[in-house]
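Okay, structure first, notes after.
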Amino acid sequence: MGNTIVPANSPEQNRFTTISDFKTCMRRHGEVEFSWNGNLYSITHRGNGQISISAAYREETEKLCNTSDEVLEYMVGSDRLRDVITQVTVLDRTI
C-alpha cells in the first residue's frame with residue numbers, strides 16, 4: 001500500500017477571514033506562521049498557557065500573552081496585528 005501525500009493548504013485556505021476565526025485558532029492552541037510587509041512572524045503556545053508571538057528567529061521581539069486579545073495588540077512593523085490579521089499571508093497554521 002502506497003503512502004498518501006496530503007497537499008499543504010493554499011494561502012487562501014490558511015488565511016483568517018475574521019478576528020473571531022483567529023481567536024478560535026488561539027483558543028484551540030493553534031500555531032501560526034505568517035508574513036506581513038516582507039517580515040515573518042510566529043505564534044506558538046507555551047506549556048504554562050501563555051501565547052508567544054515574535055518576529056521569526058528574533059527572540060528579542062518576543063511578547064508573551066495571556067489572551068488572544070493581547071496577541072492582537074502586538075505590533076507587526078507599524079501595524080497592530082488586530083488591524084491586519086485578515087490581510088496577512090498565513091504560511092502555515094495548525095488549526
TODO: May I have all residue pairs that pass salt bridge (Lys or Arg N to Asp or Glu O under 4.0 Å) and include part of residues 38-47, sequence neighbours excluded?
DONE: Arg46-Glu62
- [ ] Give me the other members of the hydrophobic cluster that Met75 sits in, counting Ile, Leu, Val, Met, Phe, Trp and Tyr linked by side-chain heavy atoms under 4.5 Å, directly or via other members.
- [x] none
Task: Residues Thr61, Arg58; criterion side chain to side chain donor-acceptor pair (under 3.5 Å); working and verdict - done: CA-CA 6 Å; Thr61 66; Arg58 294 187 50 213; 5.3 Å; no
Task: Heavy-atom side-chain contact between Phe34 and Asn39 under 4.5 Å - done: no
Open item on the list: Taking atom CD as the centre, does Glu59 end up with more than 12 heavy-atom neighbours from other residues, nucleotides or ligands that are less than 6.0 angstrom away?
Closed with: no
Task: Partners meeting side chain to side chain contact (heavy atoms under 4.5 Å, CB included) with Asn37 (sequence neighbours left out) - done: Asp79
- [ ] Can you sort out the partners of Glu12 under salt bridge (Lys or Arg N to Asp or Glu O under 4.0 Å), two or more places apart, ordered by chain and number?
- [x] Arg15
Task: Pairs involving residues 42-80, ordered by first then second residue, that meet ring pair (Phe, Tyr, Trp, His ring centres under 6.0 Å) (sequence neighbours left out) - done: His29-His45
- [ ] May I ask you to test the Asn66-Ile51 pair for a side-chain heavy-atom distance under 4.5 Å?
- [x] no
Task: Atom pair OG1/CD1 of Thr44 and Ile53 - distance to nearest 0.5 Å - done: 9.5 Å
Open item on the list: Taking side chain to side chain contact (heavy atoms under 4.5 Å, CB included) as the definition, give me every residue that meets it alongside Ile19, ordered by chain and number, with sequence neighbours left out.
Closed with: Lys23, Leu72, Arg82, Ile85
Task: Val32 and Val90, any side-chain heavy atoms less than 4.5 Å apart - done: yes
Task: Contacts of Ser78 that satisfy side chain to side chain contact (heavy atoms under 4.5 Å, CB included) - sequence neighbours left out - done: none
Task: Smallest separation among heavy atoms of Thr94 and Gly30, with atom names - done: OG1-CA, 3.2 Å
Open item on the list: Suppose we screen for salt bridge (Lys or Arg N to Asp or Glu O under 4.0 Å). Which residues come up paired with Arg28, at least two apart in sequence or across chains?
Closed with: none
- [ ] For residues 83-92, pull every pair meeting side-chain hydrogen bond (donor to acceptor under 3.5 Å, both in side chains), keeping only residues two or more places apart or in separate chains.
- [x] Arg80-Asp83
Task: Residues forming a side chain to side chain contact (heavy atoms under 4.5 Å, CB included) with Leu40, sequence neighbours excluded - done: Ser35, Ala56, Leu91
TODO: Measure the CE-CG distance between Met26 and Asp69 for me, rounded to the nearest 0.5 Å.
DONE: 12.0 Å
TODO: State the OG1-CG distance between Thr24 and Asp21, to the nearest 0.5 angstrom.
DONE: 6.5 Å
TODO: Quick one: do Arg93 and Cys25 satisfy side chain to side chain contact (heavy atoms under 4.5 Å, CB included)? Show the steps, please.
DONE: CA-CA 9 Å; Arg93 69 186 261 201; Cys25 179; 4.2 Å; yes
